[in-house]
Protein chains: 2
Amino acid sequence: MSWLDEVPWGKDGLIAVVTQDFSSQRVLTVAWMNREALEKTVQTSQATYWSRSRQRLWRKGEESGNVQQVREVRIDCDSDAILLKVEQTGGIACHTGRASCFYRKLENGNWIEVDPVLKDPSLIYRKK
Amino acid sequence: MSWLDEVPWGKDGLIAVVTQDFSSQRVLTVAWMNREALEKTVQTSQATYWSRSRQRLWRKGEESGNVQQVREVRIDCDSDAILLKVEQTGGIACHTGRASCFYRKLENGNWIEVDPVLKDPSLIYRKK
């Protein structure tokens, strides 16, 4: 499909993806997609990424149930990054049980945890 | 400095950086930093990136004047992405003269420009 062809997939075939909460506007995650992941994300309206560590497609929430319903897909001026606006099921995007993966803030030369754990990860991933 | 050492700089020495407008919460850009860029950004409270195309440090706004005053620096759970919250001087982050680089939205299989040009780029970069 032509809109997929407009992404210069590069040598590793991946594009950086910023995912933002549609309601709170918090930045939730930075992840990666290959062509298949982006196509699947748009077809299903559920965010699917490429897991670089596991080297496979990964539908966000496939284990935890915390899926991301896609409300908007944007691309940047040089077509090397995607912005997804999503409704985050469960209000938890991070595997640590927090709303966002960006829960550490630089304060006086230290990365400080500033956001609460909303749910114990052992309860989120109990099916493992 | 230890907070810099906590970033796993990887083989290319770069980390992905999402920059978000502190007031509007819009995601403005995705760019890259090396260790020196991140250090400089924190020291000066002005966003400095690593330009992959030009292979040099690049203080955002050095030509256009549209500098980014850094209000907050966050890092994600696996320390491979940075989130900057900034005040965007001039309200323009994109070299096309738009507020954000993410001005194209996927609609019915097409990337559609949905945000206005706020200033003619030839006026932004007239010093060139």
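Proteins come first, then strands; the chains are lettered A, B, ... in the order of their sequence lines, and each starts at number 1. Please read all numbers here as calculations on a predicted model, not as lab measurements.
Under the 4.5 Å side-chain heavy-atom criterion for Ile, Leu, Val, Met, Phe, Trp and Tyr, I124(B) and L118(B) are members of the same hydrophobic cluster. Under the 4.5 Å side-chain heavy-atom criterion for ILVMFWY residues, no single connected hydrophobic cluster contains both V73(B) and F102(A). In the hydrophobic cluster analysis, where Ile, Leu, Val, Met, Phe, Trp and Tyr join through side-chain heavy atoms closer than 4.5 angstrom, L28(A) is grouped together with V70(A). The hydrophobic cluster containing L57(B) does not contain V17(B), counting ILVMFWY residues as joined when their side-chain heavy atoms lie under 4.5 angstrom apart, directly or transitively.
Grouping Ile, Leu, Val, Met, Phe, Trp and Tyr by side-chain contacts under 4.5 Å, direct or through others, puts I112(B) with V114(B).
Looking at heavy atoms from C-beta onward, L106(A) lies out of side-chain contact with I75(B) at the 4.5 angstrom threshold.
The side chain to side chain contact (heavy atoms under 4.5 Å, CB included) test with L83(A) is passed by exactly one of V18(B), V27(B), V30(B): V27(B).
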Between chain A and chain B: donor-acceptor pairs at under 3.5 Å:
residue : atom : partner : partner atom : Å
W3(A)   : O    : W111(B) : NE1          : 2.9
Q20(A)  : NE2  : Q25(B)  : O            : 2.9
Q25(A)  : O    : Q20(B)  : NE2          : 2.9
R52(A)  : NH2  : D80(B)  : OD2          : 3.2
V73(A)  : O    : L106(B) : N            : 2.8
R74(A)  : NH1  : F102(B) : O            : 2.8
R74(A)  : NH1  : D115(B) : OD2          : 3.2
I75(A)  : N    : R104(B) : O            : 3.0
D76(A)  : O    : R104(B) : NH2          : 2.8
C77(A)  : N    : C101(B) : O            : 3.0
S79(A)  : OG   : R104(B) : NH2          : 2.8
D80(A)  : OD2  : R52(B)  : NH2          : 3.2
C101(A) : O    : C77(B)  : N            : 3.0
F102(A) : O    : R74(B)  : NH1          : 2.8
R104(A) : O    : I75(B)  : N            : 3.0
R104(A) : NH2  : D76(B)  : O            : 2.8
R104(A) : NH2  : S79(B)  : OG           : 2.8
L106(A) : N    : V73(B)  : O            : 2.8
W111(A) : NE1  : W3(B)   : O            : 2.9
D115(A) : OD2  : R74(B)  : NH1          : 3.1

